[in-house]
Number of protein chains: 2
Amino acid sequence: MSTPSGEPQWLSDDEQRAWRAYLRGSRLIEEALDRDLQSHGVQLTEYEIISMLSESPRRRLRMSSLADLVVQSRSRLTHTASRLEKRGWVVRESCLDDKRGVELVLTDAGWQAVQDMARVHVASVRRSVIDPVPAPLFKALGEAMDVIRATLAPGQEGGHPAVAREAQELESDAQADVRRSRVF
Amino acid sequence: MSTPSGEPQWLSDDEQRAWRAYLRGSRLIEEALDRDLQSHGVQLTEYEIISMLSESPRRRLRMSSLADLVVQSRSRLTHTASRLEKRGWVVRESCLDDKRGVELVLTDAGWQAVQDMARVHVASVRRSVIDPVPAPLFKALGEAMDVIRATLAPGQEGGHPAVAREAQELESDAQADVRRSRVF
DNA sequence: GACGGTTAGTTGAAATATAAATGAAGTCTG
DNA sequence: CAGACTTCATTTATATTTCAACTAACCGTC
């Protein structure tokens, strides 16, 4: 054994095939979805941000939680949030309790934008990703990805911590008409 | 029906769960693999490029084919190739037949770099992606992603058009010791 | 063989992303 | 409560990516 810890455990043929299919497929998905959202002048990562906000109880989320949710660095989110703010889609509000914290709030204009874009986007996701794959296989894909999620980001099960509590909290809210957000 | 083409077909709960798991998981994977490759000072996308080259018959590929293979824009590949060239890992050679064309060739230093990084990277892929997922489920994930690949990039089945012919072409080559490249 | 249309690859400027340093406000310990 | 340490978010400086020209070479047709 000359190298540190000897020969690595290379991939089997099956593993390699699957892994390469994943790598290439994931890039193609990103490309396709991004392209379709360009028609509305947003990137997928920006859409993710505002759509997450749109689903949150008071259409707001702390920078940190949001960053974790969409898997972006704090710094990146700061920059992107500023861009979204310039467009008038979000506003920053400082947290009442923790004065270090900042909450990103979706404006009415932002809400409307999400609603519009969601139509395009859901069609795009269907066409590129969901429709071509048989339902059971797609479900398996979801399970596999959730295992990976659990491995790489343990302790963030729901994905969106807020959504679980949404119904009760919002029921008597002015925005109750939102009901289960269909921004998917 | 007030909106163009009426209500979009929103996602079912199963579909939504799977799609979100995918989205989040894919970002986490990218993040994890990228982080691990940072130790060698490369990004995942750069690694993909040189590893593809390392598997090609004469360690060379045309810019366009390579761009398609790794799903990057021509422009992006041009810039990235320049960076890799500065490091001495690749060299540009103009095509003999098609004088518009440029081939990107992996240098010996580049080859060595890939060999070294592959050890780190394969371990990283195993740890983050393959090991946590039961083999059959991972295989399903691969199948699903291949369907998507077929949808979004029809007519690029093998992924690496060159690899299929590699064995025979290379068998009596100076680099025959490469055998089935284990850069995975 | 010259015109129009297309493809290959590059370039340079603008947009976006990453990385390291900063400041301000929390928490924990003694 | 002081000091050390951590977390939150931003800032600044770089690095990378995108986007819109642009040049050169191929291709078909007349």
Side-chain angles (χ1 to χ4, degrees), chain A residues 27 30-50 53 60-87 89-105 155, chain B residues 27-28 30-50 53 60-87 89-105 155 161:
Chain A
R27 294 280 151 75
E30 191 86 12
E31 183 183 59
L33 300 187
D34 235 332
R35 178 163 23 78
D36 290 344
L37 279 172
Q38 293 303 332
S39 58
H40 288 252
V42 288
Q43 306 166 243
L44 180 53
T45 52
E46 293 172 327
Y47 177 81
E48 285 183 80
I49 290 171
I50 54 182
L53 289 177
R60 69 185 55 223
L61 238 22
R62 267 192 69 161
M63 295 294 279
S64 308
S65 334
L66 185 49
D68 288 345
L69 212 49
V70 299
V71 193
Q72 295 186 17
S73 71
R74 315 301 168 90
S75 175
R76 181 175 183 177
L77 180 56
T78 293
H79 287 299
T80 307
S82 305
R83 254 181 288 143
L84 294 173
E85 204 170 20
K86 268 189 211 135
R87 296 200 183 195
W89 287 349
V90 302
V91 166
R92 275 178 236 249
E93 282 181 23
S94 89
C95 288
L96 301 161
D97 45 328
D98 184 347
K99 282 200 284 195
R100 294 168 304 179
V102 170
E103 282 186 338
L104 207 59
V105 188
Chain B
R27 293 280 151 76
L28 288 166
E30 191 86 11
E31 184 182 59
L33 300 188
D34 235 332
R35 178 163 24 75
D36 290 345
L37 278 171
Q38 293 303 331
S39 58
H40 287 253
V42 288
Q43 308 167 242
L44 180 53
T45 52
E46 294 172 327
Y47 177 81
E48 285 183 80
I49 290 171
I50 53 181
L53 288 177
R60 69 185 54 220
L61 237 22
R62 268 188 74 155
M63 295 294 280
S64 308
S65 334
L66 186 49
D68 289 345
L69 212 50
V70 299
V71 193
Q72 294 187 17
S73 71
R74 314 301 166 95
S75 176
R76 179 175 183 177
L77 180 56
T78 293
H79 287 300
T80 306
S82 306
R83 256 180 287 142
L84 294 173
E85 204 170 20
K86 268 190 213 134
R87 296 197 183 198
W89 287 349
V90 302
V91 166
R92 274 178 238 249
E93 283 181 24
S94 89
C95 288
L96 301 162
D97 45 328
D98 185 347
K99 282 199 285 196
R100 294 169 303 180
V102 169
E103 282 187 338
L104 206 59
V105 188

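Every chain is numbered from 1, with letters handed out A, B, ... down the list of sequences. These numbers come from the heavy atoms of this one structure, side chains and all, not from hydrogens, waters or symmetry mates.
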Legend entry - C/dT10 base / B/H79 side chain donor-acceptor hit below 3.5 Å: no

Legend entry - C/dT11 phosphate, OP1 or OP2, under 4.0 Å from B/R76 side-chain N/O: no

Inset, instruction - Report yes if the side chains of A/T45 and A/R76 come closer than 4.5 Å at any heavy-atom pair, otherwise no. - result: yes

Inset, instruction - Considering non-hydrogen atoms only, spot the tightest contact between B/L66 and B/L53 and give its length. - result: CD2-CD2, 4.1 Å

Please list, for nucleotides 20-22 of chain C, all pairs of protein and nucleotide N/O atoms separated by less than 3.5 Å.
none

Inset, instruction - Give the rounded distance in Å between these two atoms: OH of B/Y47 and P of D/dT16. - result: 19 Å

Inset, instruction - Spell out, as yes or no, whether a donor-acceptor pair under 3.5 Å connects the side chain of B/E46 to the backbone of B/L84. - result: no

Legend entry - 5' priority, DNA chain C, between B/R92 and A/T45 [closest heavy atom]: B/R92

Inset, instruction - Take the protein atom CZ of B/R74 and the nucleotide atom P of D/dC19, then report the distance between them rounded to whole Å. - result: 15 Å

Inset, instruction - For B/L44 and C/dA17, give me the distance from atom CG to atom P, rounded to whole Å. - result: 17 Å

Inset, instruction - Could you tell me the separation between the CD1 atom of B/I50 and the CZ atom of B/R87, rounded to the nearest 0.5 Å? - result: 8.0 Å

Inset, instruction - Figure out the CG/P separation between B/L66 and C/dT10, and round it to whole Å. - result: 11 Å

Legend entry - Side chain to side chain, B/E30 and A/R27, heavy atoms closer than 4.5 Å: yes

Short N/O separations, protein against nucleotides 26-28 of chain D, under 3.5 angstrom:
| residue | atom | partner | partner atom | Å |
| --- | --- | --- | --- | --- |
| D/dC26 | OP1 | B/K99 | N | 2.9 |

Inset, instruction - Work out which heavy atom in A/Q72 is nearest to a heavy atom in A/T80; give both atom names and the distance. - result: OE1-OG1, 4.2 Å

Inset, instruction - Take atom CD of A/Q72 and atom P of C/dA17, then tell me their distance rounded to the nearest Å. - result: 7 Å

Inset, instruction - Looking only at non-hydrogen atoms, find the nearest pair between B/A81 and B/V90 and report the distance. - result: O-CG2, 3.8 Å

Legend entry - Nearest-nucleotide 5' precedence on DNA chain D, A/Q38 against A/L77: A/L77

Legend entry - Spacing of B/M63 atom CE and B/R92 atom CZ [to the nearest 0.5 Å]: 5.0 Å

Inset, instruction - Please test B/Q38 against B/L44 for side-chain contact (heavy atoms from CB on, under 4.5 Å), starting from the C-alpha separation and ending with a verdict. - result: CA-CA 9 Å; B/Q38 293 303 331; B/L44 180 53; over 6 Å; no

Inset, instruction - With heavy atoms under 4.0 Å as the rule, sort A/Q43 into base, sugar-phosphate or nothing. - result: sugar-phosphate

Inset, instruction - Measure the distance from CD on A/E48 to P on C/dA17 and round it to the nearest whole Å. - result: 12 Å

Inset, instruction - Could you work out which one of C/dA8, D/dT17, D/dT18 sits closest to the side chain of B/T80? - result: D/dT17

Legend entry - Interatomic distance, A/D68 CG vs D/dT7 C1' [rounded to whole Å]: 12 Å

Legend entry - Rounded distance (Å) that lies between atom C1' of C/dA17 and atom CZ of B/R83: 12 Å

